[in-house]
Amino acid sequence: MKIIDIKTLKNEYKIDIWTSTQIRQFQKQLLDWYDEHQRLLPWRENKDPYRIWISEIMLQQTQVDTVIPYFNHFMEKFPSIYKLAEASKEEVLKAWEGLGYYSRAANLHIAAQQVIENYEGKMPNSFDELQTLKGIGPYTAGAIASMAFNQKVPAVDGNVMRVVSRLFEIDLDIKRPKNFKVFFSVVYHLLDEKRPGDCNQALMDLGATIMTPKASRPDLSPVKAFDASYLNESWEHYPVVAKAKAPKLIRKWAIVVKNEDGQYLLEKRPDNGLLANMWTFPLVAENDLQKSKDGKIAKMFNDTLDITDEFEKIKAFMLENYSINIHLENDIVHHVRHIFSHLVWEILMINTTTNATNTPQNCEWTAADKFGQYAFPAVQTKLIQALTEHIQTTLF
DNA sequence: AATACGTGGGC
DNA sequence: TGCCCAAGTAT
């Protein structure tokens with residue numbers, strides 16, 4: 001057994017790697033399987049670096065089935081890197097609406113301009129240069145370099161770490177950044193000289209379809225003879241992954257304000273942080289309101305009964321921060337819960353009206369039939385849905 | 001290094 | 001229902 005001594009990588013972890021002959025056999029088994037069973041995906045139709053790049057950004061922490069329609073639409077809308085670079089931020093964000101992790105869209109737009117500025121519109125082909133582009137880290141650089149430019153570079157994502165952790169029974173926490181280089185090094189040793197990109201994709205497809213997180217079927221794997229966790233029946237212990245901490249609960253009011261022209265007040269979020277540059281109804285954090293001593297707001301979120309007292313605070317808040325005077329339209333309070341990866345919004349939504357004609361900072365007045373022009377996050381879509389159901393209900 | 005950053009699907 | 005998961009990156 002040859003041993004990869006990861007100490008050379010400033011890490012004391014050692015892994016027994018296979019002989020050169022075994023590695024060649026592994027590659028053949030893997031690539032033969034890939035040639036027959038690879039998934040047919042829009043971005044695999046050719047090796048256009050632009051298409052591969054866009055797909056890789058969309059696929060970050062996002063499932064293939066979710067990405068496919070976004071990818072096809074994005075390619076129609078921005079068929080080349082020049083079209084993307086020339087587009088407005090708003091257009092790109094709109095194309096990303098509902099996909100999540102919206103900084104990816106902003107970074108993609110910037111990176112397109114970087115490529116035009118620094119590389120005459122042609123994607124750089126090296127692992128290092130690719131990582132100078134916004135939104136491209138080690139995984140995506142490896143993916144583009146290997147798949148589009150046939151460079152022998154690992155593309156180590158969650159699938160690959162899971163597969164490799166099982167093949168070699170590596171008990172390192174895949175969530176810890178310091179362990180990434182171990183997997184990177186192992187994968188490098190497994191890559192075929194001629195088809196590094198296909199090797200990377202084969203490992204990913206294997207992880208996505210056979211060596212899955214749950215209901216794994218290592219008995220169906222084309223490389224089961226090389227799979228230590230299969231031979232030792234230990235695959236359920238791999239990969240080792242730290243448990244995510246519980247999301248933080250945040251309570252908010254969503255203030256739906258309708259003016260005398262039937263338009264709604266929409267607000268654009270700041271251009272950094274959560275849901276950057278996306279549009280929502282004005283959202284007021286519980287902490288932004290003056291808290292009553294008896295903790296009445298917190299109680300409200302459980303009971304959603306009489307909001308008269310709290311509404312006085314909201315009314316004052318809107319007057320001070322938005323310079324509009326609102327009136328409670330009815331006492332119906334919608335309760336909407338939205339779960340992010342790292343926090344939970346508990347939202348109470350109320351209907352109000354105003355005769356104000358001013359347009360507050362970062363806001364626009366918009367008729368409901370024009371909502372499609374704005375990039376809405378899922379939570380806003382949820383709020384509108386609740387509002388729509390209410391309006392339909394009250395018609396009867 | 002640890003945390004922020006979305007969403008939808010599966011069981 | 002609640003929790004885990006899915007082709008990570010920026011800071």
Side-chain angles (χ1 to χ4, degrees), chain A residues 38-39 41-44 51-71 93 96-108 110-111 130-144 146-148 154-163 173-181 183-184 187 197 200-209 211-216 236 239 241-250 269-278 280 337-345 375-382:
Chain A
Q38 68 176 275
R39 292 173 291 177
L41 302 169
W43 47 89
R44 285 182 174 172
R51 291 170 66 87
I52 290 173
W53 171 39
I54 301 301
S55 74
E56 290 303 339
I57 300 297
M58 287 187 171
L59 287 161
Q60 289 168 6
Q61 299 289 284
T62 309
Q63 300 199 355
V64 166
D65 290 342
T66 303
V67 165
I68 289 173
Y70 280 90
F71 177 82
L93 195 57
W96 216 265
E97 180 182 64
L99 195 53
Y101 284 155
Y102 297 101
S103 66
R104 291 183 295 175
N107 287 338
L108 199 52
I110 293 168
L130 283 163
Q131 288 185 74
T132 67
L133 302 176
K134 277 283 190 187
I136 296 185
Y139 162 72
T140 306
I144 297 172
S146 66
M147 297 174 200
V156 180
D157 71 339
N159 282 314
V160 173
M161 285 193 280
R162 180 173 59 258
V163 168
D173 182 353
I174 63 171
K175 277 280 169 28
R176 304 195 84 122
K178 58 185 287 202
N179 292 331
F180 176 85
K181 60 169 70 74
F183 293 96
F184 187 93
V187 172
N200 283 327
Q201 295 189 79
L203 289 171
M204 284 190 259
D205 274 22
L206 188 60
T209 62
M211 294 175 71
T212 47
K214 294 171 190 165
S216 180
E236 298 203 336
V241 48
K243 219 180 90 172
K245 66 174 194 176
K248 183 181 175 187
L249 179 66
I250 296 177
R269 295 177 60 81
D271 76 347
N272 57 58
L274 185 63
L275 305 177
N277 293 312
M278 307 290 282
T280 67
R337 165 186 284 252
H338 188 75
I339 301 169
F340 297 91
S341 52
H342 58 305
L343 48 86
V344 177
W345 279 1
F376 286 155
V379 63
Q380 171 68 4
T381 304
K382 218 181 268 187

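Letters A, B, ... mirror the listed sequences (proteins, then strands); counts begin at 1.
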Close N or O pairs between protein and nucleotides 9-11 of chain C (under 3.5 Å):
from, atom 1, to, atom 2, distance (Å)
C/dT9, OP1, A/G137, N, 2.8
C/dT9, OP1, A/G137, O, 3.3
C/dT9, OP1, A/T140, N, 3.0
C/dT9, OP1, A/T140, OG1, 2.8
C/dT9, OP2, A/Y139, N, 3.3
C/dA10, OP1, A/G135, N, 2.4

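Residue A/I339 contributes atom CD1, which lies 12 Å from atom C1' of B/dG6 at whole-angstrom precision. When the C1' atom of B/dC5 is taken as reference, atom CE of A/M278 falls 13 Å away, rounded to whole Å. What separates CD of A/Q63 from C1' of B/dC11 is a distance of 13 Å, to the nearest Å. Separating the CZ atom of A/F183 from the C1' atom of C/dG8 is a distance of 15 Å, rounded to the nearest angstrom. Summarising the geometry, the separation between CH2 on A/W96 and P on B/dT7 is reported as 13 Å, rounded to the nearest angstrom. In this structure, the CG atom of A/L93 is 10 Å from the P atom of B/dG6, given to the nearest Å. The CZ atom of A/F180 sits 9 Å away from the C1' atom of C/dG8 (whole-angstrom rounding). If you take CD of A/Q380 and C1' of B/dT7, they are 16 Å apart, rounded to a whole angstrom.
When each of A/K214 and A/K245 is assigned the nucleotide of DNA chain B with its nearest heavy atom, A/K245 is the one assigned upstream, toward the 5' end. Checking A/L59 against A/A244, the closest nucleotide of DNA chain C that is more toward the 5' end is the one next to A/A244. When each of A/E56 and A/K243 is assigned the nucleotide of DNA chain C bearing its nearest heavy atom, the one mapping closer to the 5' terminus is A/K243.
Remark: A/Q201 CD to A/R39 CZ distance equals 9.5 Å, nearest 0.5 Å. Taking CD1 of A/I57 as the reference point, atom CH2 of A/W96 lies at 7.0 Å (rounded to 0.5 Å). Taking CD of A/E97 as the reference point, atom CE of A/M278 lies at 6.0 Å (rounded to 0.5 Å).
Among the heavy atoms of the strands, none lies under 4.0 Å from A/R337. Contact annotation for A/G98: backbone-only contact, meaning every heavy-atom pair under 4.0 Å involves sugar-phosphate atoms and none involves a base. Among the atoms of the strands shown, none is found under 4.0 Å from any heavy atom of A/I52. Nucleic acid contact class of A/V160 (heavy atoms, under 4.0 Å, all strands): none. Note on A/R44: a base of the nucleic acid sits closer than 4.0 angstrom, heavy atoms only. Among the atoms of the strands shown, none is found under 4.0 Å from any heavy atom of A/A143.
Side-chain atoms of A/L343 lie closest to B/dC5 of the nucleotides B/dA2, B/dT7, B/dC5.
Side-chain atoms of A/T62 and base atoms of B/dG6 include a donor and an acceptor less than 3.5 Å apart.
What you find for A/Y102 and A/P377 is that their closest heavy atoms are OH-CA, 4.1 Å. A pairwise comparison of heavy atoms in A/K134 and A/I110 identifies CG-CG2, 3.8 Å as the closest pair.
No hydrogens or angles considered: nothing links the side chains of A/Y139 and A/Q60 as a donor-acceptor pair under 3.5 Å.
C/dT11 and B/dG6 have their P atoms separated by 14 Å, with the value rounded to a whole Å.
At the phosphate of B/dA2, OP1 or OP2 sits under 4.0 Å from a side-chain N or O atom of A/R176. Taking only side-chain nitrogens and oxygens, A/H342 comes nearer than 4.0 Å to OP1 or OP2 of B/dC5. Listed pair A/Y102 / B/dT7 meets the phosphate criterion, a side-chain N or O lying under 4.0 Å from OP1 or OP2.
A side chain to side chain contact (heavy atoms under 4.5 Å, CB included) with A/N200 holds for exactly one of A/V160, A/D157, A/V187; it is A/V187.
Remark: A/P239 pairs with A/R162, A/S165, A/R166, A/I174 by the side-chain contact (heavy atoms from CB on, under 4.5 Å) rule, at least two apart or across chains.
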